[in-house]
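Each chain gets a letter, A, B and so on, in the order the sequences are listed, and its residues count up from 1.
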There are 2 protein chains.
Amino acid sequence: MISVLLFEDNKNFRESLSLYLASAEGIWLSGAFADATEAVKLVRKYKPDVVLMDIQMPHLSGIDALRAIKAASKDTKVMMQTVFEDDDKVFAAICAGANGYILKNPRPDTYVQAIFDVYNGGSHLSPSIATKVLTMFQHQFAKSEQTYIQLTPREKEVLQCMVKGMSYKMIADACDISFNTVHTHIKKIYEKLHVNSAPEAVVKALEWKLV
Amino acid sequence: MISVLLFEDNKNFRESLSLYLASAEGIWLSGAFADATEAVKLVRKYKPDVVLMDIQMPHLSGIDALRAIKAASKDTKVMMQTVFEDDDKVFAAICAGANGYILKNPRPDTYVQAIFDVYNGGSHLSPSIATKVLTMFQHQFAKSEQTYIQLTPREKEVLQCMVKGMSYKMIADACDISFNTVHTHIKKIYEKLHVNSAPEAVVKALEWKLV
DNA sequence: CACAAAATCCCCAATATTGGTGAGTCATGG
DNA sequence: CCATGACTCACCAATATTGGGGATTTTGTG
């Protein structure tokens, strides 16, 4: 049995979801509350496997409650639920360690599936939320347009060493080439990157994900 | 009807999944292929709504095929499937614009659900993949624990300049302090960060989000 | 007020880096 | 077979950085 704690300020929604979860097989609803202020205390008391937390809550926001719960008991799975697909909220929730994020859904079986997913160590994201996350992800990590900067394998290797903070001498050693050759490579790298110092090169390398 | 194209090198799996998808309501399986080399050509020909692409493929890898497809027809939804939960692969696939990522699953209805999800503009991630993505996400964006390194405002300012690739002289100018003072601040920064060169300091600054 | 922390400035010497020039090998493709 | 690009190595001179001293002023706090 998966023990679940529900936080949801909307009375109607809370009661109908409670009803559904209480009768769902494999799930034990330990409690349902309209306020997250006492969330940490309640988590300590009931030791739920999964917490279902609404983002919009009076007094203490769902995100803050999430942070508090994770700080107090980081193994407790917390799944966020919301009606709004707000980029900032999604971002904040994930950074705070949410184990799932679902849009309020008329189909209650979605909740059950999600609870099972997170209980089993996975994460559950509603499709539209998943899209948001993937987009943010790509936006951050996808190679920038500046991929036309072509570094040779050796140059990339040297640049990688520079990113690690190694000096010419150390790089020479690590790559098993002479100090002078390192010098040559670095000169070429600076030329290609249009920089003229190691720090600048490192910054561009990281920014452009050249290494 | 959602038009689907399947790429999967395992004959058995391809055929059984084909069979299932062909009979699934709302889905029209346009074709199933064992090799992704011709993927772009096939996509152009069949104009599928959703492509199901195995990561492990002979000749052209699923990731490369994904890139090719997205380059040729960026609105075609591509869902990756794999048996391995390889961080690098997940990362690469998402950066290349995958619309979903599912682990090969004995339950074929998972595929149908996932196809519907991505067709409707959402994304579908298997729970364990979702966990990976969220973890990578947090790792990148969540403030690092190493915030206990206390830099004074001036030191942060100087470090920021260093990240911008400025030399001592330029920093002195920018902060309107003398070259010697910049030197002093940087000595202090190196001490606090346990480094002894500008590139190292820059890397740590970026890693730890100190600036 | 006295104290500590932050910020400012200066000098010197040892290293490290940068920029310029030149040149040899090796593999690849036209 | 020649051209080209990648990789290798060397030398020199000019700058820049680093690490070690020491010192003063400002600011906020007990």
Side-chain angles (χ1 to χ4, degrees), chain A residues 143 145-211, chain B residues 37 59-60 64 143-144 146-211:
Chain A
K143 287 210 160 95
E145 335 73 54
Q146 290 94 340
T147 311
Y148 55 77
I149 291 184
Q150 285 296 351
L151 294 184
T152 68
R154 208 43 150 180
E155 285 163 0
K156 279 186 192 171
E157 198 182 341
V158 171
L159 187 52
Q160 267 169 3
C161 291
M162 294 178 71
V163 168
K164 287 180 194 152
M166 297 164 74
S167 68
Y168 285 32
K169 218 171 285 181
M170 293 163 76
I171 297 174
D173 222 49
C175 297
D176 201 36
I177 52 181
S178 86
F179 179 90
N180 291 301
T181 306
V182 173
H183 185 190
T184 306
H185 285 310
I186 291 183
K187 278 187 287 192
K188 210 93 200 348
I189 292 171
Y190 286 1
E191 195 184 311
K192 288 185 180 177
L193 261 50
H194 302 297
V195 300
N196 47 15
S197 78
E200 283 180 285
V202 165
V203 170
K204 284 217 175 182
L206 294 175
E207 269 180 3
W208 295 357
K209 310 200 173 305
L210 293 172
V211 289
Chain B
T37 315
H59 314 308
L60 188 67
D64 291 331
K143 287 214 161 80
S144 69
Q146 288 93 340
T147 312
Y148 56 78
I149 292 185
Q150 286 295 353
L151 294 183
T152 68
R154 208 41 151 180
E155 284 163 1
K156 278 186 193 170
E157 197 182 342
V158 171
L159 186 52
Q160 269 169 1
C161 290
M162 293 177 72
V163 169
K164 288 181 195 154
M166 295 164 76
S167 68
Y168 285 34
K169 216 170 287 182
M170 292 163 76
I171 297 174
D173 222 49
C175 298
D176 201 35
I177 52 181
S178 86
F179 178 90
N180 291 301
T181 307
V182 173
H183 185 188
T184 306
H185 285 311
I186 290 184
K187 278 188 286 192
K188 213 92 199 354
I189 291 171
Y190 286 0
E191 193 184 312
K192 288 186 180 176
L193 261 48
H194 303 298
V195 300
N196 49 13
S197 77
E200 283 182 286
V202 165
V203 171
K204 284 216 175 183
L206 293 175
E207 268 181 4
W208 294 358
K209 306 193 182 308
L210 292 172
V211 288

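Nearest heavy-atom pair across A:Ala201 and A:Leu159 is O-CD1, 4.2 Å. Counting all heavy atoms, side chain and backbone alike, A:Ala198 lies closest to B:Pro199 at CB-CG, 3.5 Å.
For the contact set between residues 169-184 of chain B and DNA chain C, defined by any heavy atom under 4.0 Å, the members are B:Ile177, B:Ser178, B:Asn180, B:Thr181, B:Thr184.
A search for salt bridge (Lys or Arg N to Asp or Glu O under 4.0 Å) contacts involving B:Glu157 returns B:Arg154, not counting sequence neighbours. Applying the ring pair (Phe, Tyr, Trp, His ring centres under 6.0 Å) test to A:Tyr190 and every residue at least two apart in sequence or in another chain returns nothing. Under the side-chain contact (heavy atoms from CB on, under 4.5 Å) criterion, A:Lys164 pairs with A:Met166, not counting sequence neighbours.
For the side-chain contact (heavy atoms from CB on, under 4.5 Å) criterion with A:Cys161, the lone passing option out of A:Asp173, A:Ile171, A:Ile186, A:Val182 is A:Ile171. Checking each of B:Lys192, B:Lys188, B:Gln160 against B:Glu155 for a side-chain hydrogen bond (donor to acceptor under 3.5 Å, both in side chains) leaves exactly one that passes, namely B:Lys192.
For A:Lys187, the NZ atom sits in a packed shell: over 12 heavy atoms of surrounding residues, nucleotides or ligands are nearer than 6.0 Å.
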Dump every N/O contact between nucleotides 25-27 of chain D and the protein below 3.5 Å, one line per pair.
none

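Here the straight-line distance linking atom NE2 of B:His185 with atom SG of B:Cys175 works out to 8.0 Å at 0.5 Å rounding. One finds the OG atom of B:Ser167 at 5.5 Å from the CE atom of B:Met170 (value rounded to the nearest 0.5 Å).
Toward the 5′ end of DNA chain C lies the nearest nucleotide of B:Arg154, the other residue of the pair B:Arg154 and A:Asn196 mapping further downstream.
Rounded to whole Å, atom P of C:dA7 lies 6 Å from atom CD of B:Glu155. Here C:dT15 presents its P atom at 21 Å from CE of A:Met166, a figure rounded to the nearest Å. Between the P atom of D:dG5 and the CD atom of A:Glu191 lies a distance of 13 Å, rounded to the nearest Å. Note: OH (B:Tyr168) to P (C:dC9) measures 16 Å, nearest angstrom. Summarising the geometry, the separation between CD1 on A:Ile186 and P on D:dC9 is reported as 14 Å, rounded to the nearest angstrom. The interatomic distance linking B:Lys188 (NZ) with C:dA5 (P) rounds to 9 Å, in whole Å.
At the heavy-atom level, B:Tyr190 lies under 4.0 Å from the strands shown only through sugar-phosphate atoms.
Looking at A:Lys187, its side chain has no donor and acceptor atom pair within 3.5 Å of the base of C:dT17.
Looking at A:Lys169, its side chain never comes within 3.5 Å of a backbone N or O of A:Phe179 through a donor-acceptor pair.
An angle of 50°, rounded to 10°, separates the two end axes of the helix from C:dC1-D:dG30 to C:dG30-D:dC1, each defined over five pairs.
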